[in-house]
Undergrad: 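Structure below; questions to follow.
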Amino acid sequence: MYPKGILILLLVVFVVLVSHAPSWCRMSNEELLLELERLKERVQELEKVIRQRSAAEEQAPSKETFNHIRPEDERISAELARPGEKREGMRGIIDEIAHRVTVNGLLEIEASYSNLERKENKGDEKTSDIKLATAQLEFNARIHEYVNAHLILLWEEDDTEPLDIDEGTITLGATENFPFYLLAGRFYPPFSEFNTYFISDPLTLEVAETQESAVAVGYVGTWAYVSIGGFNGDVSCEEDDRINSWWAHAQVYNPKGTLGPFLIKLGASYFNNLADSDMLSEQVPDRELQDLVTGASFFGIVEVGSVALSAEYITALNDFRPGELDFAVLDGEAKSAKPGAWNLELAFSFLEKFQVAGKYERSMDLFSLFPKARYGGVFGWEIFPYTTWSIEYLHGVYDDHDDDLDKEDVVTSQVAVEF
């Protein structure tokens, strides 16, 4: 029995005894025993009531219990508030990323038809295709005032499946306040401009485009751009695995409005190892040469209002020896070769959404890889903002010694969306 119950029971017994004391004196022994029995029963009933109340008090929350519940309630409230804090924190992170990172994309879908004719009626080769030619995502992140990260993810059907890191670079400098820069990573060394208004790549790009992991230093200003860099090329004339390829590139241009309606860009490049270009490196047996073959390029672009003229010339400065290029074969005999190409294009824009362009280009010592001469036209229409439809026609003529190839006609239609 609990202390409170004992006190209450004693108090009740005392009251009962006091209240019945005068009458007990006049009772007989039997009556007194009977009265005591009744009193005992009442005391037992009171004890039962007291026990029930004591049990209820034990089950009721104590002050200590409420003191424990309050922090628990605060903890639950804090847990409920935490997702909101996380959302706010995540929103801050997203805002910071949006402030630092820009994302651009490009999708190009092409449909094409080609007819390749052979000499002496040996049969034509007709092909047609529809493909997702390009799916590209470009990320640029301004990490610091003088630090920029650049990444391009590229997918090209039948070429870069499943996915290729087309470019991934870190640039230090190259700002308005500090125009000098250091560039490192995977990118396309600026051996030339490769400018075109057509869907198809120009022959100059086919000959000399190069993609490597390299390091470059240079200057980019309001009127000029200079780049000097090097890399460990795939094609070499030595057994040592070392950085053996380098380039130097310079161009000058005028800001808009400084020369009246004229916008002019002129440039020149030198490459000590032309065989390291993407196309030629695949044609060098075992990727080895007796001596490196150097190359040079020159280009110019002039725009006057809605008219633009572009010219480019690329050539090897010395010859590849017989047997150093797989495609340089005539009548079954390996020949020396001095690969090169030039491209001339004229474009005219009108009504703000339309453009037409024509071209004429030639290749040198590329044998049956590409036509000796190629010309054609293209029409482009910006049907919606950032959405362009183009259709192109090119006619190519092969050289007399290009096996049995005669001429080629290609029609290509493209829908391109930038975002």
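All values reported here derive from a predicted model rather than from experimental measurement. Counting from 1, the numbers follow the sequence of the chain as shown.
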Undergrad: What are the two closest non-hydrogen atoms of N195 and S310, and how far apart are they?
TA: ND2-OG, 3.1 Å
Undergrad: Minimum heavy-atom separation for D124 and E117, please, with both atom names.
TA: OD1-CA, 3.5 Å
Undergrad: When rounded to the nearest 0.5 angstrom, what is the spacing between CD in E303 and CG in L263?
TA: 5.5 Å
Undergrad: For S281, does its backbone N or O pair with a side-chain atom of R287 as donor and acceptor, under 3.5 Å?
TA: yes
Undergrad: Within the 3.5 Å criterion, strictly below it, is a donor on W389 or S413 matched to an acceptor on the partner's side chain?
TA: yes
Undergrad: Side chain of S363, backbone of P371: donor and acceptor closer than 3.5 Å?
TA: yes
Undergrad: Find out whether S213 and F231 are in side-chain contact, i.e. whether some heavy atom of one side chain is under 4.5 Å from a heavy atom of the other.
TA: no
Undergrad: Checking side-chain contact (heavy atoms from CB on, under 4.5 Å) for the pair Y197/V356: CA distance, chi angles, key distance, verdict?
TA: CA-CA 9 Å; Y197 306 101; V356 293; over 6 Å; no
Undergrad: Find the distance between CG (D319) and CG (D291) and round it off to the nearest 0.5 Å.
TA: 12.0 Å
Undergrad: Give, for atom OG of S227 and atom CH2 of W247, the distance between the pair rounded to the nearest 0.5 Å.
TA: 5.0 Å
Undergrad: Are the side chain of S112 and the backbone N or O of V411 linked by a donor-acceptor pair below 3.5 Å?
TA: no
Undergrad: Is there a donor-acceptor pair under 3.5 Å between the side chain of E324 and the backbone N or O of R321?
TA: yes
Undergrad: Write out all pairs satisfying salt bridge (charged side-chain N to carboxylate O under 4.0 Å, His left out) with one or both partners inside residues 373-396, taking only residues at least two apart or from two chains.
TA: E361-R374
Undergrad: Write down the atom of P285, the atom of G323, and the distance for their closest heavy-atom approach.
TA: CG-O, 3.6 Å
Undergrad: Would you check, one step at a time, whether the test side chain to side chain donor-acceptor pair (under 3.5 Å) holds for T127 with S114?
TA: CA-CA 5 Å; T127 60; S114 67; 2.5 Å; yes
Undergrad: Who passes ring pair (Phe, Tyr, Trp, His ring centres under 6.0 Å) against Y219, sequence neighbours left out?
TA: F180
Undergrad: Quick one: does N318's side chain have a donor or acceptor within less than 3.5 Å of a partner on T294's backbone?
TA: yes
Undergrad: Can you check whether K372 reaches V397 side chain to side chain, under 4.5 Å on heavy atoms?
TA: no
Undergrad: Measuring from D406:CG to L116:CG, what's the distance to the nearest 0.5 Å?
TA: 9.0 Å
Undergrad: Could you check V207 against L366 for side-chain contact (heavy atoms from CB on, under 4.5 Å), going step by step and ending with a plain yes or no?
TA: CA-CA 9 Å; V207 172; L366 293 182; 3.7 Å; yes
Undergrad: With sequence neighbours left out, write down each residue that passes side chain to side chain contact (heavy atoms under 4.5 Å, CB included) with A224, or none if nothing qualifies.
TA: V252
Undergrad: Within the supplied structure, the quantity of interest is the number of heavy atoms (other residues, nucleotides, ligands) at a distance under 6.0 Å from Y386 OH; does it exceed 12?
TA: no
Undergrad: Between T222 and Y253, what is the shortest heavy-atom contact and its length?
TA: O-CE1, 3.2 Å
Undergrad: Evaluate the side-chain proximity of F194 to I314: yes if any heavy-atom separation is below 4.5 Å, no if none is.
TA: yes
Undergrad: Would one find more than 12 heavy atoms of other residues, nucleotides or ligands at under 6.0 Å from atom CD1 of I130?
TA: no
Undergrad: Do F327 and S368 have side chains that get closer than 4.5 Å, going by heavy atoms?
TA: no
Undergrad: When rounded to the nearest 0.5 angstrom, what is the spacing between CD in E352 and CZ in F350?
TA: 12.0 Å
Undergrad: Could you check whether any side-chain heavy atom of W223 comes within less than 4.5 Å of a side-chain heavy atom of T258, counting everything from C-beta outward?
TA: yes
Undergrad: Quick check: does any side chain N or O of R362 sit under 3.5 Å from a backbone N or O of W342, one acting as donor and the other as acceptor?
TA: no
Undergrad: Can you find a side-chain donor-acceptor pair between T204 and E312 that sits under 3.5 Å?
TA: yes
Undergrad: Do K359 and F198 form a cation-pi contact, if we require the NZ or CZ to be under 6.0 Å from the six-membered ring centre and within 45 degrees of the ring's axis?
TA: yes
Undergrad: Can we say D404 and R118 salt-bridge, meaning some charged N sits less than 4.0 Å from an Asp/Glu carboxylate O?
TA: yes
Undergrad: Does any part of the side chain of V284, heavy atoms only, come nearer than 4.5 Å to the side chain of D286, both counted from C-beta?
TA: no
Undergrad: Is there a donor-acceptor pair closer than 3.5 Å between any side-chain N or O of D365 and the backbone N or O of P339?
TA: no
Undergrad: Just checking, any donor-acceptor pair under 3.5 angstrom between side chains of E288 and S236?
TA: no
Undergrad: If I take atom CG from residue L369 and atom CG from residue L203, how far apart are they, to the nearest 0.5 angstrom?
TA: 11.0 Å
Undergrad: Would you mind writing out the side-chain donor-acceptor pairs for residues 132-139 within the sub-3.5 Å range, not counting sequence neighbours?
TA:
from	atom 1	to	atom 2	distance (Å)
T134	OG1	E108	OE1	2.9
E138	OE2	N140	ND2	3.2

Undergrad: Sequence neighbours left out, what passes side chain to side chain contact (heavy atoms under 4.5 Å, CB included) with Q211? Give chain and number order.
TA: D164, D166, R186, Y188, D278
Undergrad: Hey, mind stepping through Y393 and D409 against side chain to side chain donor-acceptor pair (under 3.5 Å) and telling me if it holds?
TA: CA-CA 7 Å; Y393 167 74; D409 294 286; 2.5 Å; yes
Undergrad: For I165, does the CD1 atom sit with more than 12 other heavy atoms under 6.0 Å from it, leaving out its own atoms?
TA: no
Undergrad: To check you understand the geometry: which heavy-atom pair defines the closest contact between N148 and A141, and what is its length?
TA: OD1-O, 3.2 Å
Undergrad: Could you walk me through whether Y181 and L172 pass the side-chain contact (heavy atoms from CB on, under 4.5 Å) test, one step at a time?
TA: CA-CA 5 Å; Y181 68 88; L172 306 180; over 6 Å; no
Undergrad: Which donor-acceptor pairs under 3.5 Å do the side chains of residues 264-275 make with protein atoms, sequence neighbours left out?
TA:
from	atom 1	to	atom 2	distance (Å)
K265	NZ	E193	OE2	3.4
S269	OG	P190	O	3.4
S269	OG	F191	O	2.7
S269	OG	H249	ND1	2.4
N272	OD1	W246	N	2.7
N272	ND2	N244	O	3.1
N273	ND2	V235	O	2.9
N273	ND2	S245	OG	3.0
N273	ND2	D276	OD2	2.9

Undergrad: Distance-only, no hydrogens or angles: does the N254 side chain make a donor-acceptor pair with backbone N or O of F262 under 3.5 Å?
TA: yes
Undergrad: Looking only at heavy atoms, which two atoms of L289 and L292 are closest? And how far apart?
TA: CD1-CA, 4.4 Å
Undergrad: State whether the number of non-hydrogen atoms from other residues, nucleotides or ligands found under 6.0 Å of K353 atom NZ is greater than 12.
TA: yes
Undergrad: For Y146 and N177, which I'm curious about, is there any donor-acceptor pair between the side chains at under 3.5 Å?
TA: no
Undergrad: With side-chain contact (heavy atoms from CB on, under 4.5 Å) as the criterion, how do D158 and E156 come out once you've worked through the C-alpha distance, each side chain's angles and the decisive distance to 0.1 Å?
TA: CA-CA 6 Å; D158 302 326; E156 294 177 315; over 6 Å; no
Undergrad: Quick check: do F367 and K335 have side-chain heavy atoms less than 4.5 Å from each other?
TA: yes
Undergrad: Assess the side chains of E408 and H395: does a donor N or O sit below 3.5 Å from an acceptor N or O?
TA: no
Undergrad: Examine the side chains of E110 and T412 and answer whether a donor and an acceptor come within less than 3.5 Å of each other.
TA: no
Undergrad: Check whether any side-chain heavy atom of K126 sits under 4.5 Å from a side-chain heavy atom of Y113, and report yes or no.
TA: yes
